[in-house]
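Worksheet for the structure shown next.
Counting starts at 1 for both ligands and their atoms, following the listed order. Below, all heavy atoms of this structure are taken into account, side chains as well, without hydrogens, waters or symmetry copies. One is the number of the first residue; the rest follow in order along the sequence.
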Amino acid sequence: MRGAIKFQCILDCSNVCCGGATIITLKELGKLYRFFPITLGFSKIYPLNSIHRKYIEDFSFRYKSFYIIGDFIAGNRLNKKCRLLKNYLCSIHGSLKPLQCHIIPFSVTFPEALQNFVIAERRRTAFKECKGFNESSPVIWNGEFTDEKLREKFYILRNNLIEQRDMMNRFFLKFENHIAFRKFIDKESGFLEVPIVEDFIDELCEIALIDDIGDFLKSQRSLFIKELTVGGIKNSLFVDALNAIDRFKSLISKI
Ligand code: SF4
Ligand code: SF4
């Protein structure tokens with residue numbers, strides 16, 4: 001028998017869950033590229049059971065024996081706090097807020113019916129300090145989501161991942177000869193984060209309906225520079241991202 005999940009977000013503790021980077025999808029790129037430096041992220045998912053396996057097959061792709069999910073990483077993983085967190089509060093609201101932030105602490109990588117596994121694991125680890133779970137909070141999951149808005153965002157996010165799956169698979173293979181790629185594949189778990197290289201920029205802007213590529217490049221360049229060094233450490237991924245932007249600019253200037 002599954003226990004109900006009682007949860008209500010307590011706004012003043014966002015520093016627990018609003019880390020340096022959040023996940024976004026291709027469909028969100030157009031509205032968020034002016035707020036975050038954006039890279040590509042890939043992670044492995046291990047199905048819990050046959051129901052979970054069937055569920056992830058819709059939005060993940062196979063590489064060797066792994067199921068891989070690809071998305072966009074908005075922000076800087078070296079930072080402890082999201083760049084949009086101001087005085088412990090998120091500074092973007094409504095439809096601008098990333099879908100992932102709307103569904104936290106749940107995870108779209110598990111079916112709705114298995115979200116109790118997600119919460120049990122998160123309460124043991126990353127969300128240990130989260131104050132949102134308590135007896136006086138409303139039930140928001142009871143074998144299924146009881147909060148309609150949460151359910152809606154969850155399925156929009158899932159559909160976005162399904163729609164971008166094949167493109168992410170192609171992008172992933174592009175990095176096959178990189179050392180970081182091989183390390184990622186050799187490890188049991190882990191995460192591969194790579195820049196949006198020049199070969200993808202045109203296509204991404206077109207699919208994400210970003211008409212002004214110049215504005216995309218300018219905004220991203222400025223954000224990568226702003227976030228380049230954190231605590232005295234230079235983010236080498238952002239150096240690569242800046243180089244990719246410069247190579248793209250030089251390519252289009254020759255056309
Ligand atoms: S999800 Fe938890 S940690 Fe994050 S703001 Fe809400 S209550 Fe706080
Ligand atoms: S966008 Fe807002 S809700 Fe999302 S991680 Fe950043 S501060 Fe938190």
Please check if the side chain of Arg122 supplies one atom and the backbone of Pro105 the other of a donor-acceptor pair under 3.5 Å.
yes
So, 2.8 Å as the limit: is an N/O/S atom of Cys18 located closer than that to atom 6 (Fe) of ligand 2?
no
I'd like to know: is atom 4 (Fe) of ligand 1 within the 2.8 Å range of an N/O/S atom from Cys130, strictly under that distance?
no
Glu57, CD atom: more than 12 neighbouring heavy atoms under 6.0 Å
yes
Under 4.0 Å to a heavy atom of Cys101 - the qualifying atoms of ligand 2, by number:
1 (S), 3 (S), 4 (Fe), 5 (S)
So if I count the atoms of ligand 1 from 1 in the order they appear, which ones are less than 4.0 Å from some heavy atom of Gly132?
7 (S)
Which of the numbered atoms in ligand 1 are under 4.0 angstrom from any heavy atom belonging to Phe7?
1 (S)
Look at the aromatic rings of Phe7 and Phe133 and report parallel, tilted or perpendicular, splitting at 30° and 60°.
tilted
among protein heavy atoms, the one nearest atom 2 (Fe) of ligand 2 is Cys90 SG, 2.3 Å
Name the one of Met167, Met168, Lys174 that satisfies side chain to side chain contact (heavy atoms under 4.5 Å, CB included) with Arg170?
Met167
Heavy atoms only: which of Leu89, Asn134, Ile10 lies closest to atom 7 (S) of ligand 1?
Ile10
Just to confirm my output: which protein heavy-atom neighbour is closest to atom 6 (Fe) of ligand 2, and how far is it?
Cys82 SG, 2.3 Å
With distance as the sole test, does Lys183 use its side chain to make a donor-acceptor pair with the main-chain N or O of His178 at under 3.5 Å?
no
Between Phe133 and ligand 1, which part of the residue brings a heavy atom under 4.0 Å of the ligand: side chain, backbone, both or neither?
neither
Ignoring hydrogens and angles, state whether a donor on the side chain of Asp215 or Tyr33 is under 3.5 Å from an acceptor on the partner side chain.
yes
Keeping the roles fixed (side chain from Ser137, backbone from Gly132), state whether a donor-acceptor pair exists under 3.5 Å.
yes
Could you list the atoms of ligand 1 found under 4.0 angstrom from a heavy atom of Cys17?
1 (S), 3 (S), 4 (Fe), 5 (S)
